[in-house]
Protein chains: 2
Amino acid sequence: MISRQRDVPGATSAGPLSRRALDRLPVYLRRLNALAAAGTEYVSSTELAAAAGASRDLVRKDLSALGQLGRPGKGYPVGVLEAAIEQILGISTHQPVILVGAGHLGTALVQYGGFAARGLDVVSVLDADPQRVGQPCGQLTIEDASRAGEVIERTGARLAILTVPGEAAQLAADDLVHHGIRGILNFAPVELEVPEEVSVRVVDVSAELQLLAFHHISGEAGSAR
Amino acid sequence: MISRQRDVPGATSAGPLSRRALDRLPVYLRRLNALAAAGTEYVSSTELAAAAGASRDLVRKDLSALGQLGRPGKGYPVGVLEAAIEQILGISTHQPVILVGAGHLGTALVQYGGFAARGLDVVSVLDADPQRVGQPCGQLTIEDASRAGEVIERTGARLAILTVPGEAAQLAADDLVHHGIRGILNFAPVELEVPEEVSVRVVDVSAELQLLAFHHISGEAGSAR
DNA sequence: TAGATTGTTAATCGATTAACAATC
DNA sequence: TAGATTGTTAATCGATTAACAATC
């Protein structure tokens with residue numbers, strides 16, 4: 001179940017990125033974006049550590065996997081580090097994403113806007129409810145979910161956000177995969193069965209809140225990340 | 001930064017639960033709920049493993065921390081295991097939760113319904129926009145975020161879901177903590193600074209999607225959980 | 001009994017922290 | 001130079017897997 005370690009395609013050079021390190025890259029990147037906007041030139045591992053809730057040793061370890069980007073005594077050049085992480089995460093290549101399930105959650109995500117800054121374009125919203133088809137959702141118009149094949153072909157999307165009810169999720173996923181989707185961000189509280197070559201990430205909101213409640217009850221403190 | 005290991009208060013007996021094991025409990029529970037509803041009496045570690053995307057050895061290890069609940073040759077009694085996990089996660093004690101930020105995402109979560117089954121009641125929705133105050137949101141009526149103190153006192157909530165824009169998140173969190181909130185589920189793409197005794201869990205949707213895109217590009221396969 | 005499956009210990013693996021020389 | 005901070009190796013820690021006797 002644990003991902004096999006594998007070389008990162010676009011990596012400048014240097015060592016392997018652990019699975020956990022990879023999870024932290026977007027967090028570092030968010031901070032770097034803010035620092036770049038503010039015109040800051042260098043950032044220390046200590047500062048990035050505070051932003052990510054990690055130790056500074058860990059930050060240095062993570063970043064050393066991208067190459068020798070830092071300058072002893074000064075820190076890491078913001079722009080260079082930003083570019084290196086963006087390259088690893090493939091942001092330069094703008095990627096089309098489709099969203100299936102135009103309920104409140106789907107609508108929230110379409111309007112969220114945070115995707116564009118990360119190289120991801122929501123190019124189509126689909127829904128199975130004929131009543132919703134044709135209605136606006138953000139800047140887009142809701143399309144018929146039964147036409148997912150056409151939409152995927154037209155947009156070239158390989159990623160999908162799935163915000164349909166739990167009982168509809170597996171069928172929807174099957175359809176998406178059948179038509180070429182290779183990565184699914186699943187908001188339905190259901191474990192999807194997909195072919196080996198398809199990646200799935202699960203966002204289970206109630207599980208998160210339940211664990212938070214547990215942490216709270218048991219007196220656990222601090223960032224429960 | 002890593003949570004200190006600590007004895008679980010309501011634990012029947014038995015060993016310590018690792019942080020990762022704790023994360024898996026809600027997943028097991030979801031499956032157990034379904035099995036119980038179907039009238040199944042016993043479930044094997046193999047079946048739970050398939051549902052959770054873990055190995056069956058790991059499932060047995062996790063569950064052994066709850067006590068010797070299984071029967072060799074038969075499996076785990078569904079009802080007993082269900083009750084044990086619910087007790088650990090504190091579901092029996094229904095907990096009030098408030099939600100701050102009644103945009104699309106907040107509305108989606110209020111209407112989501114999956115919380116109730118997990119012992120969590122969304123008892124109030126708040127928003128800072130005077131235009132929204134007084135309007136309905138699911139079964140509730142939106143209240144004024146500036147009155148968070150009164151609401152928290154009235155409802156006794158110690159948990160909050162934060163679905164406000166990123167730039168408003170820290171101020172909102174400060175206010176909530178000031179009025180007694182001790183756990184925050186944060187959807188804003190911002191690292192919150194909170195006192196040590198407050199727990200925060202972050203749900204960063206665009207980071208998840210970005211990582212998914214990365215997995216996809218780099219040809220990584222399978223459940224990227 | 002034979003087959004299945006648990007609970008637990010030991011072995012492995014991966015990730016984090018500690019330490020420190022090298023460098024600005 | 002002195003102080004700060006990186007990059008990297010070794011030590012520690014925690015989590016997962018493997019193995020197997022005990023039990024239904």
Side-chain angles (χ1 to χ4, degrees), chain A residues 1-7 11-25 27-28 35 40-50 52-78 80-81 84 222-223 225, chain B residues 1-7 11-25 27-28 32 35 40-50 52-78 80-81 84 222-225:
Chain A
M1 137 83 219
I2 286 298
S3 313
R4 312 169 266 332
Q5 208 66 274
R6 187 191 284 220
D7 272 357
T12 329
S13 61
L17 268 168
S18 74
R19 172 78 210 328
R20 305 290 294 279
L22 197 56
D23 285 346
R24 286 185 291 268
L25 290 189
V27 182
Y28 299 146
L35 289 168
T40 310
E41 286 191 43
Y42 285 89
V43 59
S44 70
S45 55
T46 309
E47 184 170 351
L48 285 175
S55 75
R56 64 189 187 141
D57 306 75
L58 188 52
V59 171
R60 290 207 308 283
K61 191 125 223 268
D62 289 350
L63 298 185
S64 73
L66 311 184
Q68 299 194 173
L69 270 41
R71 279 176 60 179
K74 299 213 72 176
Y76 298 85
V78 170
V80 171
L81 191 52
S223 181
R225 197 171 213 268
Chain B
M1 139 79 223
I2 285 299
S3 315
R4 317 166 260 334
Q5 208 65 274
R6 185 191 286 220
D7 272 356
T12 331
S13 61
L17 268 168
S18 74
R19 173 78 211 323
R20 305 289 294 280
L22 196 57
D23 285 346
R24 285 185 292 267
L25 290 188
V27 182
Y28 299 147
L32 289 165
L35 289 167
T40 310
E41 287 190 43
Y42 285 89
V43 60
S44 69
S45 54
T46 310
E47 185 171 351
L48 286 174
S55 75
R56 63 188 189 144
D57 306 74
L58 187 52
V59 171
R60 290 206 308 281
K61 190 122 221 271
D62 289 349
L63 299 184
S64 72
L66 311 183
Q68 301 194 174
L69 270 40
R71 279 175 61 179
K74 299 214 71 175
Y76 298 85
V78 170
V80 172
L81 190 52
S223 180
R225 199 174 211 267

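- Spacing between atom CZ of A/Arg20 and atom C1' of D/dA15 amounts to 10 Å, rounded to whole angstrom units.
- Regarding B/Gln68, its CD atom lies at a distance of 9 Å from the C1' atom of C/dT6, rounded to whole Å.
- Judged by closest nucleotide on DNA chain D, A/Val43 is the one of B/Pro72 and A/Val43 placed further toward the 5' end.
- Rounded to whole angstrom, the span from the CG atom of A/Leu48 across to the P atom of D/dG7 amounts to 12 Å.
- In this entry the distance linking CZ of B/Arg56 with P of D/dA18 reads 11 Å, nearest Å.
- Taking only side-chain nitrogens and oxygens, B/Arg24 comes nearer than 4.0 Å to OP1 or OP2 of D/dT16.
- Put simply, CZ on B/Arg60 is 16 Å from P on D/dT23, counting in whole angstrom units.
- Atoms CG (A/Asp62) and P (D/dT8) sit 14 Å apart, rounded to a whole Å.
- For A/Ser55, a side-chain nitrogen or oxygen approaches OP1 or OP2 of C/dT17 to under 4.0 Å.
- For B/Lys61, the listed nucleotide lying nearest its side chain is C/dT9; candidates were C/dT9, D/dA15, D/dA19.
- You'll find the side chain of B/Leu35 stays beyond 4.5 Å of the side chain of B/Glu41, heavy atoms only.
- Residue A/Thr46 is out of contact with every strand shown, counting any heavy-atom pair closer than 4.0 Å.
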